[in-house]
There are 2 protein chains.
Amino acid sequence: MSSATIADVAKRAGVSSATVSRVINRNYPVATSTRERVEAAITELGYVANAHARALAGSTNRTVGIIINDVVDPFYAYIARGVEREATVHGRLCMVCCTQGSHEKELALIDLLHEQRADAVILVGGAHEDRAYAAEVGRRARALHTAGSTLVLCGRPSLGDDVPTKVVEYDNEGGAFAITDYLITQGHRRILFLGGPPSLSTTIARLAGHRRALEMRGLAQAKELVHTGSFNRRFGYDKVRALLTEGLDFTAIFAANDTVAAGVMQALELAGVSVPEEISVVGYDDVPVAQELRPQLTTVRIPLEEMGRQAVRLALGVAGESDYLAPVQTTTRVGTSIVVRGSVAPPR
Amino acid sequence: MSSATIADVAKRAGVSSATVSRVINRNYPVATSTRERVEAAITELGYVANAHARALAGSTNRTVGIIINDVVDPFYAYIARGVEREATVHGRLCMVCCTQGSHEKELALIDLLHEQRADAVILVGGAHEDRAYAAEVGRRARALHTAGSTLVLCGRPSLGDDVPTKVVEYDNEGGAFAITDYLITQGHRRILFLGGPPSLSTTIARLAGHRRALEMRGLAQAKELVHTGSFNRRFGYDKVRALLTEGLDFTAIFAANDTVAAGVMQALELAGVSVPEEISVVGYDDVPVAQELRPQLTTVRIPLEEMGRQAVRLALGVAGESDYLAPVQTTTRVGTSIVVRGSVAPPR
DNA sequence: ATGAAAGCGCTAACAA
DNA sequence: TTGTTAGCGCTTTCAT
């Protein structure tokens, strides 16, 4: 039930615990013969260092924390992969926590990760507009900051210049603008915007890009064409079914993400509406499902894994910052791009 | 850069650090007025407990570790979700580590998680047949065990009764048997088995079930119909393309998992072979892609998330074990079932 | 090159 | 109900 400690190893090797520590950490010269005796003792005893004692005596725990909605959702999974990989590169272990969409759980998790003394806490995904909630996050950002850690906002807007966070953004609005403009260029005038929780920053930015494209082309945004709701497949499916029977007039659908697009495509298939001949469909995110749909989905690509990597680089201060003038607030922004596949054609 | 400690809080509240500990942990009676003063001090100072000091002084760190190949792979992601959720239920934080298929990394990660004094280390997915490697895993299982932790094998075979692990299995062979038998019942005689690393326990079990079904129906297993390789989409695609041009005779394909099946379907589509009219296809795992394929994929369902939950329950000794006679080796086994969708029809 | 000893921040007896 | 006091296992000066 109890493991060997560094003192046990020291006794067995006939040295002091300080020496054992030195051979383990290779940070001070140790005579070869001593080292060998110590190493032998370590294997004989099956000694495994206690990371907590280490973290307590030394400074860092060498872990980073990441908070996401759901591991199974590819949007989060890809970012998590980037975080995990980059963390590994820098010798950090990765603690992954899921909120299942709950604000309260998210705040509690930031605290938990703070307790663990994670070198960084990475908060992933869009945030709901809510001042009280934002204030709570801000408070935690400050606590983390004074403790020498960093809160990184990944894929959500900054909390303001007075809150010590780092942020990794992607050009959300720009992607929505580009793909809407692509649709317009193909001749579409009545484009349905579907899905995304209405108060989520992600949805808001995508909708803003969509509207800007419409305006730029002098097209009025008809309110009956905008149906926010959620990011799940079911929403896309149900909404399209309803709108179809309702007889709403449109020639293209901009699904707020690829998952919604999958539902959209299934509803269209069931209704016997052919894509892209009768209706064009585009999505957002470019997660794997986009390539499995038939026709394959034209969508907006986000460098998800890269965002995860950036988040840990930023937090760990790996590059970019000059030591003497590191600003409290740092933002990295990655681009989005549209990837054209087979789900769009000119309207009939 | 440095945070308030329990001593700071104690001084500020004019009590001893023991009292502060008591109000934090709510495990001993504290006078209301004292409690209030302490709580005030805590907020004023922005005190956040140090989990390492706690782990060192108390016993458990309240974390579980999970080791998987890749967060993005749905097979692993669903199990990880189960682990994360069940861990949360039991007040544990979850450390997720990825091996990217490397044995060495896997072993190193077990050690790392041991150093972190995780209450459980969950090793997920099939294992390659390799005695030296198995011995290394066994050694670590013992180390963990003597340290009071548990190594749980999730979706891979036991290391033998003398190795102190817990294992969560699924009826891998049975699922393969059932779906092959289903294909035979539909009239198929020449079934291609495609994919899966040949030395991986998962592949071996699936192939075994496949063969048993064939034998039971008195069908000879032609070696030209078995093509193991890997679990990725690309393999399914390339192999089917090659076999098709080669002119091999078969009426159905059993893809070793759904990902391979996705590649298979794409190759068939490109070759103008209709599914299921000309060729039937089945997969394994029942991950989301199975429902996006057209036709939707008939496959074997594994209760992935449930396996993850079982793994942590088993490790934490939540249920099932009688205290006084807990065996060193414990195995839980979950069933698999075939889910019939549209990718199988009788051969022409 | 090596050892002695003082913490790191907390919990858990044991006292009071 | 509260305080005192050992540790928990390790790192890190400071000596030697």
Side-chain angles (χ1 to χ4, degrees), chain A residues 1-39 41-42 45-62 112 114-118 143 146-149, chain B residues 1-39 41-42 45-62 112 114-118 143 146-149:
Chain A
M1 187 62 194
S2 82
S3 332
T5 72
I6 203 172
D8 300 328
V9 174
K11 187 173 342 153
R12 175 130 190 168
V15 298
S16 73
S17 64
T19 301
V20 176
S21 173
R22 287 175 190 126
V23 349
I24 292 170
N25 296 302
R26 315 175 166 290
N27 51 1
Y28 275 95
V30 172
T32 314
S33 65
T34 316
R35 143 159 293 127
E36 280 163 359
R37 253 182 311 131
V38 171
E39 281 167 348
I42 287 176
L45 262 37
Y47 169 77
V48 177
N50 183 321
H52 301 301
R54 258 194 185 152
L56 196 54
S59 44
T60 161
N61 176 30
R62 306 197 77 73
L112 221 57
H114 184 160
E115 288 186 9
Q116 297 289 330
R117 296 301 187 266
T146 62
S149 180
Chain B
M1 187 63 196
S2 83
S3 332
T5 73
I6 203 172
D8 300 329
V9 175
K11 186 172 344 154
R12 174 131 192 165
V15 298
S16 74
S17 66
T19 300
V20 176
S21 174
R22 287 176 190 124
V23 347
I24 292 170
N25 296 302
R26 316 177 164 285
N27 51 0
Y28 276 94
V30 172
T32 314
S33 66
T34 316
R35 142 160 293 125
E36 279 164 359
R37 252 182 312 130
V38 171
E39 280 168 348
I42 287 176
L45 262 38
Y47 169 77
V48 177
N50 183 321
H52 301 301
R54 256 191 187 156
L56 197 55
S59 46
T60 161
N61 177 29
R62 304 197 79 71
L112 222 57
H114 184 161
E115 287 185 10
Q116 297 289 329
R117 295 303 188 264
T146 63
S149 180

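Quick note: numbers below take in every heavy atom, side chains included, and nothing from hydrogens, waters or symmetry partners. Residue numbers start from 1 in every chain, and the chains themselves are labelled A, B, ... in the order their sequence lines are given, proteins ahead of strands. What you see is a predicted model, and the numbers here were worked out from it, not measured in a lab.
Across all their heavy atoms, B:Glu39 and B:Val23 have their closest contact at CG-CG2, 4.3 Å. When all heavy atoms of B:Val30 and B:Arg35 are compared, the closest pair comes out as CG1-N, 3.9 Å. The shortest heavy-atom contact between B:Ser16 and B:Ala10 is C-CB, 3.7 Å.
As rounded to whole Å, 7 Å separates atom C1' of D:dG9 from atom OH of A:Tyr47. Straight-line distance from the CZ atom of A:Arg35 to the P atom of C:dA1: 10 Å, rounded to whole Å. C:dG9 atom C1' lies 14 Å from atom NZ of B:Lys11, rounded to whole Å. As rounded to whole Å, 4 Å separates atom C1' of C:dC8 from atom CG of A:Leu56. Rounded to an integer number of Å, the gap from A:Tyr28 OH to C:dG3 P is 16 Å. For the pair B:Ile42 CD1 and C:dC10 C1', the computed distance is 13 Å after rounding to whole Å. The separation between B:Arg26 atom CZ and C:dA12 atom C1' is 19 Å, rounded to whole Å. One interatomic measurement links the two molecules: CZ of A:Arg54 to P of D:dC8, which rounds to 19 Å at whole-angstrom precision.
At C:dG3, one or more side-chain N or O atoms of A:Thr19 fall inside 4.0 Å of OP1 or OP2 (strictly under the cut-off). Contact annotation: A:Thr34 side-chain N/O to C:dT2 OP1/OP2 distance is under 4.0 Å. Residue B:Ser16 has a polar side-chain atom (N or O) positioned under 4.0 Å from OP1 or OP2 of D:dG3. The side chain of B:Asn25 places an N or O atom within less than 4.0 Å of a non-bridging phosphate oxygen (OP1 or OP2) of C:dT11.
Side-chain contact between A:Arg62 and A:Arg54 is absent, with no heavy-atom pair separated by less than 4.5 Å.
When distances run from any side-chain atom of A:Asn50 to the nucleotides C:dA12, C:dG9, D:dC10, the shortest one goes to D:dC10. Residue A:Ala57 places its side chain closer to D:dC10 than to any other of D:dC10, C:dA5, C:dT2. Out of C:dT11, D:dT11, C:dG9, the shortest distance to the side chain of A:Ile6 is found at D:dT11.
B:Val15 comes within 4.0 angstrom of sugar-phosphate atoms only, judged by non-hydrogen atoms across all strands, and of no base. In this structure, A:Ala31 reaches the sugar-phosphate backbone alone: every heavy-atom distance under 4.0 Å involves primed, P, OP1 or OP2 atoms, never a base.
Judged by distance alone with a 3.5 Å cut-off, a donor-acceptor contact links the side chain of A:Arg22 to the base of C:dG3.
Rounding to the nearest 0.5 Å places CD1 of A:Ile24 at 11.0 Å from OG1 of A:Thr19.
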